[in-house]
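Here is the naming used below: chain letters follow the sequence lines, and residue numbers restart at 1 for every chain. Values reported hereafter were calculated over all heavy atoms of this structure, with side chains retained and with hydrogens, waters and symmetry mates removed.
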Amino acid sequence: MRALRWIVIVLGLLFSGLPLVWMGLSSIKQRADAISQHPRWIPAAEAPVAPDSPRFEATTSAFRDLASVHAGAQASFWEHLLNSAIIGFFSTLATVALGTLCAYGFSRFRVPGEKDWLFFVLSTRFMPPLAVVVPVLLMYRAFDLQGTRLGLVVLYTVFNLSLAVWLMKGFLDEIPRAFEEAAVVDGYTRFGALVRVVLPEARTGIAVTAVFCLISAWNEYGFAMTLNSSGAVTVPAYFAGLQGNIEGMPWPQVAAGALVFVAPIVAFTVLVRSHLLRGVTFGTVKQ
Amino acid sequence: MTPVLAIRELAKRFGRTPALASASLAVGEREIVALLGPTGAGKTTLLRCVAGLEAPDGGTIELGGRDASQIAPAERDIALVFQNFSLYPSMTVRENLAFPLRAPARRRPSGEVAERVAWAAKLLRIEALLERPARRLSGGEMQRVAIGRAIVRRPRLYLMDEALTNLDAKLREELRFELPALARALGTPVLWATHDALEALAVADRIVLLDRGVVLQSGTPAEVYARPASPAAARLLGWPPVNVLPARRKDGHWTAADGTRIARAAPGGPDAATLGFRPEHLTLEGGPAPAEVEVVELTGPAQVALLRWAGIRAYALVPRSARIAPGLRVTPQVAPEHVIVWPAP
């Protein structure tokens, strides 16, 4: 039983980890080694003599090349990463802020037709996003939002808002009203009670919501490709756009860039991990 | 003198359920008023209306002579101790205590905040807990901190909603003496809601009896105990419970439906009435023995006997030394001056 468990774990780890390992190996190869017919998977200090050797010469040139502008692109990888970072940050910020306030309203006030409104909010996720790509494109053209960071910030905020409202409503519902009532009697305004008492108690929910929104905005490809093929191009669209350029696909740079691109998400998730895992503490109100 | 709090004919309903029908009461300067009523009487609703957490459907609330509906909850300057503990779990005990003093409405310099927090912590013996997160406190500790949050402020009025109910017996006994003494020392009036008649008798200058959203009676503890306005009011105060039975005047005596003579009736007054008498006013003697002892319960200083008598089950409080046992036949006696007579409707 125990052995079986380990087998399953190792197989799962290999299955999900192998592409990452291969990406890591590719990022330290020369382009010729990356596209060689003979698999080369042992990094070495020097280039091997035999053409079918599994060894390859490790190099950091792919990472250095991230700073240069590749053929077929308008800017270096780092500039595209900056686009992704700015768009991801602001759309996450806007989604969490708007979603939390909206959820607070639904959670604490009697809203006529509350269930219908919440269903409407959720229904914005029913249609596959790409089904609306053409109308959005026309709209963005009319408003001159095509190719701008603001355009994608607005778009990702709208897409993720329903998720944020529903997630945050669940978390806020769990926070007893007694906290706010006590704060109001203590001399705080309703908004003061929200900021000083409710939001600190909702940290876990906010962290969870932020992780989901950031990942979704960070990885989004379809709209980024359609709306921002030039201008503020994000990393996923940048890599895809390198296809078919005159120098061919620079695989080591793509691998290196993808590694760098994954890193902030991993770091962010690790940072808020304690919030994700920490049991939510409602024990202080005895119902 | 204008009372600190004056409530007139307060009404509040939740959907179709009336929580308060017509409640009027006043709390004067330096006065401790106990709001006594069973669970569901409307005590919490009344306190929440006073604090501004609920908007009443009818009646008025005045704070210091000012219509409270014009005053925002934050501006009312009232401290409320909730029945359910409401500490902020992610804050430490110290932060919880300091929280009311950092409110924009009445912000205090940090030196004074520290001083008052230390004072309250010492008083409630929670100094050792100050740095602990509130979520790691026991129920009794939490309630002490909750009381501390109320007393660090110097509000114009304290509202206590079953503040001691969830504490263990020892601490409850202590605080039952200490809290009123503290409020008197501070000169701050208290509206003290409880379902515990003994607690109400112990703490209050005045008791207001509330049942099903209606104020039955208010007066000093002695008055309310000795001259309850109705059988319902009499039942709310005192343990063992008051004995109540209908009787008619016959040959100068109050006589029960089955012909048992209860006590001599004072001349004048109604012919039919509901009588009430407290268990401690019932003495058991020999003689014709119309009553039978059913159950005897030892309560420490005295014994409680449950009698079958005059068609009712009557409670009698008898000295520990009395030799009674189930099955014994006795003659209950009650002095005419201890009989409460409510004219029959």
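With a 4.5 angstrom heavy-atom cutoff, Arg153(B) touches chain A only via side-chain atoms. Proximity to chain A is absent for every atom of Arg107(B), based on heavy atoms less than 4.5 angstrom apart. With a 4.5 Å cut-off on non-hydrogen atoms, Arg196(A) touches chain B through its backbone and its side chain both. In this structure, chain A has heavy atoms under 4.5 Å from both the backbone and the side chain of Leu80(B). For Ala193(A), no part sits under 4.5 Å from any heavy atom of chain B, backbone or side chain.
Residues Pro73(B) and Val184(A) form a side-chain contact, since some pair of their non-hydrogen atoms from C-beta on lies under 4.5 Å apart.
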- Message: Under the criterion side chain to side chain contact (heavy atoms under 4.5 Å, CB included), I'd like the reasoning laid out for Val197(A) against Phe99(B): C-alpha separation, chi angles, the key distance, then a yes or no.
- Response: CA-CA 10 Å; Val197(A) 176; Phe99(B) 191 74; 3.4 Å; yes
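Tyr188(A) places no side-chain N or O within 3.5 Å of a backbone atom of Pro100(B) that could act as its donor or acceptor partner.
Surrounding CZ of Arg190(A) are more than 12 heavy atoms belonging to other residues, nucleotides or ligands, all under 6.0 Å away. Counting non-hydrogen atoms of neighbouring residues, nucleotides and ligands closer than 6.0 angstrom, the CZ atom of Phe126(A) exceeds 12 such neighbours. Within a 6.0 Å sphere centred on CZ of Phe14(B), other residues, nucleotides and ligands contribute more than 12 heavy atoms. Open room surrounds CZ on Phe90(A); 12 or fewer heavy atoms of other groups in view lie less than 6.0 Å from it. Summarising the local packing, CZ of Phe15(A) is surrounded by 12 or fewer heavy atoms from other residues, nucleotides or ligands at distances under 6.0 Å.
Ranking Ala150(B), Ala103(B), Pro104(B) against chain A, the residue ahead of the rest is Ala103(B), based on heavy-atom pairs under 4.5 Å.
Note that CG of Asp186(A) and OH of Tyr88(B) are 5.0 Å apart. Values are rounded to the nearest 0.5 Å. To the nearest 0.5 angstrom, Leu53(B) atom CG is 10.5 Å from Glu180(A) atom CD. Once rounded to the nearest 0.5 Å, the distance linking CZ of Arg135(B) with CD of Glu201(A) reads 8.5 Å.
Contact record, Ser90(B) with Pro200(A): OG-CB, 4.2 Å, taken as the closest heavy-atom pair.
Residues of residues 23-44 of chain B never come within less than 4.5 angstrom of chain A, heavy atom to heavy atom.
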